[in-house]
Every structure is written in structure tokens, then in C-alpha cells.
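Structure first, commentary second.
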Amino acid sequence: MQVSSLNEVKIYSLSAGRSLPEWLSDRKKRALQKKDVDIRRRIELIQDFEMPTVCTKIKVSRDGQYIMAVGTYKPRIRCFDTYQLSQKFERCLDSEVVTFEILSDDYSKIVFLQCGRFVEFHSQHGHYYRTRIPKFGRDFSYHYPSCDLYFVGASSEVYRLNLEQGRFLNSLQTDASESNVCDINPVHFLFAMGTAEGKVECWDPRTRNRVGLLDCALSSVTADTEIDGLPSISALKFDGALNMAVGTSTGQVLLYDLRSSNPLIVKDHHYGLPIKSIQFQRQLDLIISADSRIIKMWNKDTGKIFTSMEPEYDINDVCLYPDSGMLMTANEAPKMNIYYIPVLGPAPKWCSFLDNLTEELEENPESTVYDDYKFVTRKDLENLGLAHLIGSSLLRAYMHGFFMDIRLYHKAKMMANPFAYEEYRREKIRQKIEETRAQRVQLKKLPKVNKELALKLIEEEEEQQVTRKRKQKNLPSLLKDDRFKVMFENPDFQVDQQSEEFRLLNPLVSKISEKRKRKLKILEELEAQEQEEEEEPEGKASDAESSESSDDEKGWVEEVRKQRKLLRQEEKVKRQERFKEDQQTLLKPQFFEIKEGEEFRSFKDSAKKQKLMKKTLGDRLKLEENLGTLNVSDTTVGSKQATFKLKKSEQQKKQQEAEKQHRQERKTLRRSASHLKSRRGRGQLFH
């Protein structure tokens with residue numbers, strides 16, 4: 001059992017903990033309970049209270065004895081008997097259930113609205129009858145005085161099915177394109193339906209006329225809410241004769257008084273998820289609203305949050321057990337959650353022992369299991385010299401590390417590092433020195449690559465900051481831009497200032513680079529001094545910057561001419577060096593070695609091949625036929641068949657001759673051997 005508290009409201013999760021698999025025998029289950037403490041402490045309120053995969057809807061019969069849940073897969077319904085704390089029966093269905101309604105006080109009369117437009121009726125013994133409605137249904141309600149079922153769905157009509165006569169009646173024609181939910185007031189039997197356009201239409205079943213219209217989509221938009229798109233109605237619930245709560249697809253809950261068209265209060269879940277369920281708790285005047293992520297309980301008069309719950313899995317439906325503090329949820333998981341909140345009311349009669357259990361827990365509060373423990377990793381244990389304790393009772397394995405007693409941790413740390421106070425003192429002194437350094441003139445930290453380019457960009461930024469007006473926005477810097485980050489880190493992007501293109505495009509770079517080189521030297525010296533000295537006196541203002549003005553156009557032209565002259569001289573020097581290298585190199589004859597088995601042919605063969613390649617395909621085929629390497633014949637079908645023979649090289653011919661000679665030698669050897677054997681048999685070999 002898991003206990004949580006929010007706003008001093010304790011919530012007991014009765015379904016927390018591991019569940020035992022069904023295929024285990026009773027003996028193995030008892031053995032597991034003896035060994036595992038978590039299994040022994042868990043509370044299984046109702047045996048096998050779960051679904052195979054997912055539970056979609058959960059409801060309680062009016063007499064409170066039966067809890068019914070539908071889910072998948074396969075589509076099925078399970079009925080649990082609270083008096084026996086176990087499953088009563090299970091029935092599989094042909095298609096998934098959208099929603100269902102218990103018509104009787106017990107499980108003897110149930111109606112299912114299924115996905116394939118089917119409406120299925122079940123009696124006490126099982127399946128009773130099945131019919132279809134014209135359009136896909138999304139919700140339905142039962143009108144007890146007239147025995148009518150009202151179906152709403154993907155249509156503008158509300159279909160009526162009379163269970164006493166066993167036939168469909170005239171449908172109600174609405175202004176909505178589609179309807180999502182509906183409900184009937186239990187006091188005066190007013191029928192209300194929520195539409196996809198965010199409106200609620202109220203109809204009188206006696207006259208079959210619309211008596212009211214509420215625009216909930218417009219009322220749900222307040223100053224504090226942010227809505228994307230038009231909200232539709234996703235939940236609807238009556239409370240008494242005059243109150244009605246409406247949930248929207250954008251996560252708002254609106255509480256209405258039927259005598260007014262304006263909501264009394266608008267509560268936002270702040271998740272933007274559609275409201276799945278709305279329940280009323282009359283003892284404390286609370287509204288329990290739930291989306292797929294959270295269950296919120298809040299006061300219907302003030303809107304103040306009472307408490308909230310966030311299950312591990314998405315919520316499909318919420319059911320409040322009548323006149324008690326028990327809450328059940330249908331989740332996107334096999335297990336159905338059961339919560340007990342003592343503040344809402346007492347425990348049901350069939351599990352009254354919960355009151356005694358919770359009272360004992362409140363009288364004897366237990367501290368959290370790991371309050372006095374320290375979490376350490378394996379590396380921390382090695383640093384403390386406690387790696388030999390792994391596997392002992394002093395360490396408890398948890399996730400990627402261990403829990404150990406906090407007192408043992410402090411003792412081991414003092415023994416492993418007795419000079420911890422000295423390190424702490426040095427760290428504090430270093431922090432104070434850093435604080436004083438921050439007040440001085442900050443040095444420019446330049447990257448390792450393209451330092452001069454970075455210094456140029458910094459100077460341009462400083463000039464722009466001085467000349468920029470206040471209203472102008474700050475422009476992005478290349479040094480801080482991630483797209484140009486590699487240019488100042490990778491040495492492959494280093495600017496080559498000796499290249500011809502750089503010197504012609506930047507003729508004045510020589511003079512400007514000298515100034516920047518001076519600055520770079522000063523900055524490097526200051527950085528070296530900072531690294532050597534622990535406490536540095538405040539730096540003096542550098543006079544590296546000169547007050548020289550930029551050269552005029554005449555100086556720029558002269559600089560370009562100088563650079564061009566230098567480039568021409570360099571080219572002449574390179575040409576002379578190449579000429580000298582060419583004179584020194586002497587032409588030497590080259591010899592080529594012919595492979596073994598090949599004969600040297602004259603260069604006339606290559607000329608013949610070139611002439612042959614210039615001829616057409618027909619001429620080449622005729623030439624091949626004359627040489628005997630190609631044979632063209634007509635087939636019976638009328639097509640032509642061509643067979644080719646590959647030309648044999650001299651090496652292949654020699655190899656074939658050698659093979660023939662080898663075969664002849666083997667034949668002679670065999671003949672001589674057979675002749676000797678025959679002579680031995682006749683006795684001619686020995687005299």
C-alpha cells in the first residue's frame with residue numbers, strides 16, 4: 001500500500017505493488033509471500049482486479065454489490081462481487097465497448113454501446129439481444145419513466161429506442177453536426193447533450209422540444225486560459241435539480257446553474273487534455289474532474305483545490321463508490337487502481353477493515369526508508385576505501401549504486417580525507433579572489449585558431465557599440481554563432497596570409513596586422529602572468545592602441561602596387577628554380593620486362609586492332625566467319641543463332657601441348673605396369 005499526501009489530505013493507493021501471475025500455483029504463491037516482503041505487505045482488496053490489456057470503463061451497480069469493468073483485448077466485461085472480494089463472471093464480446101449502462105440494481109440488465117453501431121443487451125444468464133443504430137454512437141442515457149434509450153453520436157439526430165415496445169421511436173432533430181456526450185437529470189429527467197461545436201442542448205422528453213441552449217465554448221474562454229481551436233464538449237454530469245457540470249476538450253470544467261446561461265465557475269486543468277469524467281461528492285461539496293493525466297478534487301463554490309492524484313498510466317474513466325471515500329480508475333494498463341481517501345468518507349461495508357488499518361498508520365507514522373541513508377556509487381566507494389563492503393548488509397543495492405548509513409559515510413570520509421577543512425578553506429579563498437578579479441578590466445580571451453580575425457571582429461563590435469543608437473537591436477556576433485564555431489577551433493580553417501588572393505584582397509593588412517600582433521603579444525603576456533601568479537595586482541591600462549588614422553586612397557594604391565611587384569618577383573624566382581631543375585634532370589632510357597610465356601609482337605598489331613575497331617559490326621562478323629571463330633545459323637523459329645570460339649594465346653597452346661604430352665607419358669607408364677604384372681603372374685620374372 002502506497003501513501004501520498006497533498007494539502008494534508010492522505011491518499012492510500014490500495015492497488016500499488018507487484019501482482020502475482022495467474023499461472024502460479026498456490027504453493028508457489030505462498031512461498032513467494034514468505035520470501036518477498038513487498039508481496040507480503042501488499043493489499044489485494046479484490047482478487048484479480050485487472051484486465052488483460054486495457055480497461056476503458058468502470059461502474060458500480062446501484063446496490064453497491066457489483067463492480068463492472070469493460071476492456072480489451074479481446075473485448076470483454078468482468079463483474080466483481082464485493083461480498084466475495086472476487087470475480088463473479090467474465091463475458092467476451094464481438095466488438096469493443098464505447099460505453100455501457102447498468103439498468104437494474106444488480107447485474108441482471110446491462111446495455112452495451114459498441115464500436116460497430118451495435119447495441120447489445122445482456123441479462124442475468126448472458127447475451128439477450130443485439131440491434132444496430134443508423135450512425136456510429138458515442139454515448140447514451142436511459143430515461144426511466146418512459147423506458148427510452150437516447151443515443152447520440154456522429155449525427156445531428158438523437159435516436160430513441162423504447163425498451164417496453166421493442167422498437168425505435170421518432171428521433172430528435174438537433175442543430176448540431178455531431179454530439180459527444182449526454183445525460184439525464186435524475187430529479188426532473190431533463191435530457192442534455194454536448195455537441196462538437198461546444199454547445200449544450202437541453203430537451204424535454206415529454207414534449208420532445210428543445211428548452212435551452214448553452215454556449216460553453218464561448219464561456220470557457222477567460223483571461224487566464226489559453227485555448228487552441230474551438231473547444232467541444234467531452235463530459236457532462238448533473239448534480240441535483242439545478243446544477244450541471246460540463247467538461248471541454250481543451251481541459252476546462254464549467255459549473256452551471258440551469259437558471260442562468262453564465263457559468264458559476266470555470267476551472268482549468270492546465271494540461272490542454274479533454275476532460276474524461278466528472279463526479280460530484282456531496283458531503284464536502286467537491287467536484288472530481290479527471291483528464292487522461294490527473295484527477296483533481298476542488299470545491300464547487302470557490303474552485304479551490306482540495307487534492308489531486310496523478311496515476312502512473314493514462315486515465316480512461318473514474319468511478320466514485322457511493323457514500324464512501326473509495327475511488328476507482330480505469331487506466332491504459334491491465335491493473336485498475338483503487339484509492340481510499342478517509343477525508344471523503346468511510347470505507348465501504350465490504351472492506352471496513354481499511355478504517356482500522358489507516359488509523360493505525362496515522363497513529364504510528366513511519367519515517368521514509370532512506371531518510372538516514374546516503375546514496376553512493378561504486379566509484380565513491382572505491383574513493384572511500386569501502387569497496388570490500390559490497391555484498392554485505394551495510395550496503396543496499398539500488399539502481400546504479402548503493403545506500404549506506406549516513407554516519408558510516410561521514411566517518412569513512414573523515415578517515416579517507418582528513419584535510420577536507422583545508423581544501424574547503426582554499427576553495428573559499430579561491431572564490432573570493434575570483435570575485436575580486438571580476439571587478440577588474442576583463443581580458444579578451446581569443447581562440448587558438450584565427451586569433452587576428454577574432455581580434456578584428458571584437459574591435460568591430462566595440463566600434464559598433466559606440467556608434468550604434470539605443471533603439472537599434474543588437475546584431476549577432478560571429479564568435480558566438482554556432483555555425484562559425486569550427487572556424488575558430490579547427491586548424492584547417494586557418495587563414496593563410498601569405499597566399500596571393502589574401503595579399504591582393506587585403507593590401508593594407510600588413511600595417512593593420514602589425515598593430516594586432518602587438519595586441520596579441522600583450523594579451524598573451526597578461527594571460528601567462530595570470531597563470532603564474534595566484535594573486536595578481538590590478539592591471540594598468542594598456543597603451544597598445546595607437547591613435548593613427550586609417551590611410552587614405554593614395555596610400556592604398558601604393559600598397560597594392562608594392563604587393564603586385566613582390567608577387568612578380570616571387571614568380572620569377574620560382575621560374576628560374578624550375579628551369580635549373582629541368583637542366584639538371586637527364587633523360588635516361590627505360591627498359592620494360594616481358595612476362596614469362598609471352599612473346600614480343602610488333603607495334604603493327606595495335607594498328608591492326610585500331611583499324612578493326614573502326615569497321616562496322618557486319619564487317620567484323622564476316623571477318624570472324626572467315627577466320628572460323630564465328631558460326632551463324634538460322635533456327636526453326638526464324639531467328640539467328642551465333643556461336644563464338646575464343647582465340648587461344650600462345651601460352652594456352654603451349655599449356656595444351658604440355659598436357660597432351662603428360663597424358664601420353666601416363667598412358668605408357670600404365671601399359672608398362674600392366675605388362676609387368678602379367679609377367680609376374682606367369683612366373684617369367686623369376687628363373
Side-chain angles (χ1 to χ4, degrees), residues 46 48-133 136-153 159-168 181-184 186 189 191 236-237 276-277 279 316-322 328-330 336 348 350:
I46 299 175
D48 299 331
F49 193 66
E50 57 185 14
M51 278 287 172
T53 308
V54 173
C55 181
T56 55
K57 289 285 182 180
I58 184 169
K59 290 187 179 182
V60 181
S61 62
R62 285 203 295 270
D63 58 3
Q65 184 179 353
Y66 302 102
I67 301 172
M68 296 188 187
V70 294
T72 57
Y73 180 82
K74 296 180 177 180
R76 67 189 66 205
I77 176 174
R78 284 184 175 177
C79 179
F80 300 92
D81 192 347
T82 57
Y83 291 177
Q84 303 297 327
L85 298 178
S86 61
Q87 184 175 308
K88 178 76 173 177
F89 63 84
E90 179 184 13
R91 297 173 188 169
C92 288
L93 306 171
D94 294 336
S95 58
E96 293 183 12
V97 177
V98 178
T99 184
F100 74 101
E101 188 72 35
I102 305 170
L103 303 184
S104 59
D105 293 340
D106 54 3
Y107 66 91
S108 58
K109 294 179 182 179
I110 314 172
V111 183
F112 299 96
L113 176 62
Q114 298 176 351
C115 287
R117 297 191 288 124
F118 285 103
V119 180
E120 193 167 317
F121 298 88
H122 282 223
S123 61
Q124 194 169 4
H125 63 81
H127 177 269
Y128 180 75
Y129 185 73
R130 194 182 192 192
T131 185
R132 295 186 81 174
I133 55 177
F136 288 96
R138 296 175 183 172
D139 197 8
F140 73 94
S141 295
Y142 181 62
H143 188 250
Y144 282 92
S146 62
C147 299
D148 288 345
L149 285 174
Y150 288 79
F151 296 95
V152 297
Y159 303 108
R160 295 191 303 149
L161 176 61
N162 188 271
L163 301 185
E164 185 179 5
Q165 301 177 21
R167 65 186 182 91
F168 282 97
V181 290
C182 64
D183 193 21
I184 293 178
F189 302 107
F191 173 73
L236 187 66
K237 187 70 175 178
K276 293 289 187 75
S277 174
Q279 302 287 335
N316 289 328
D317 193 19
V318 177
C319 177
L320 180 65
Y321 196 90
M328 292 169 285
T329 62
M336 294 177 281
W350 49 273

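Keep in mind that what you see is a predicted model, and the values were worked out from it rather than measured.
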Taking side chain as C-beta onward, heavy atoms only, is [X] less than 4.5 Å from [Y]?
X      : Y      : answer
Arg130 : Asp94  : yes
Ser86  : Asp48  : no
Cys147 : Tyr142 : yes
Ser61  : Asp106 : no
Arg76  : Pro52  : yes

side-chain contact (heavy atoms from CB on, under 4.5 Å) between Phe191 and Asp148, worked out: CA-CA 11 Å; Phe191 173 73; Asp148 288 345; over 6 Å; no
Could you measure the distance from the [atom1] atom of [X] to the [atom2] atom of [Y]? Nearest 0.5 Å is fine.
X      : Y      : atom1 : atom2 : value
Arg91  : His125 : CZ    : NE2   : 8.0 Å
Tyr159 : Arg132 : OH    : CZ    : 12.5 Å
Phe100 : Ile58  : CZ    : CD1   : 8.0 Å
Ile77  : Cys92  : CD1   : SG    : 11.0 Å
Met336 : Ile46  : CE    : CD1   : 8.0 Å
Arg62  : Leu103 : CZ    : CG    : 8.0 Å

If I compare all heavy atoms of [X] with all of [Y], which pair ends up nearest, and what's the gap?
X      : Y      : value
Tyr66  : Thr82  : N-OG1, 4.5 Å
Lys109 : Ser104 : N-OG, 3.2 Å
Trp350 : Gly64  : NE1-O, 4.3 Å
Tyr73  : Thr53  : N-OG1, 3.4 Å
Asp183 : Lys237 : OD2-CA, 3.6 Å
Val318 : Gln279 : O-NE2, 3.4 Å

Considering residues, nucleotides and ligands other than [X], do more than 12 of their heavy atoms fall under 6.0 Å from its [atom1]?
X      : atom1 : value
Gln87  : CD    : yes
Phe89  : CZ    : yes
Glu164 : CD    : no

Quiz item: cation-pi between Arg78 and Phe80, 6.0 Å / 45°: no
Could you pull out all residues at least two apart from Gln65 that satisfy side-chain hydrogen bond (donor to acceptor under 3.5 Å, both in side chains)? Asp81
Look only at the side chain of Thr56 and the backbone of Val70, and say whether a donor-acceptor pair between them is shorter than 3.5 Å. yes
CA sep, side-chain torsions, deciding dist, call: Thr329, Lys276, side-chain contact (heavy atoms from CB on, under 4.5 Å): CA-CA 11 Å; Thr329 62; Lys276 293 289 187 75; over 6 Å; no
Holding to salt bridge (charged side-chain N to carboxylate O under 4.0 Å, His left out), I want the full list of residues that pass it with Glu101, two or more places apart in sequence or in another chain. Lys59
Run the salt bridge (charged side-chain N to carboxylate O under 4.0 Å, His left out) test against Asp63 and tell me which residues pass, sequence neighbours left out. none
Pick one: which of Leu113, Val152, Val181, Leu161 meets side-chain contact (heavy atoms from CB on, under 4.5 Å) with Phe140? Leu113
CA sep, side-chain torsions, deciding dist, call: Lys57, Val97, side-chain contact (heavy atoms from CB on, under 4.5 Å): CA-CA 9 Å; Lys57 289 285 182 180; Val97 177; 5.9 Å; no
Give me the ring orientation class for His143 and Tyr150: parallel if the planes are under 30° apart, tilted from 30 to 60°, perpendicular past 60°. perpendicular
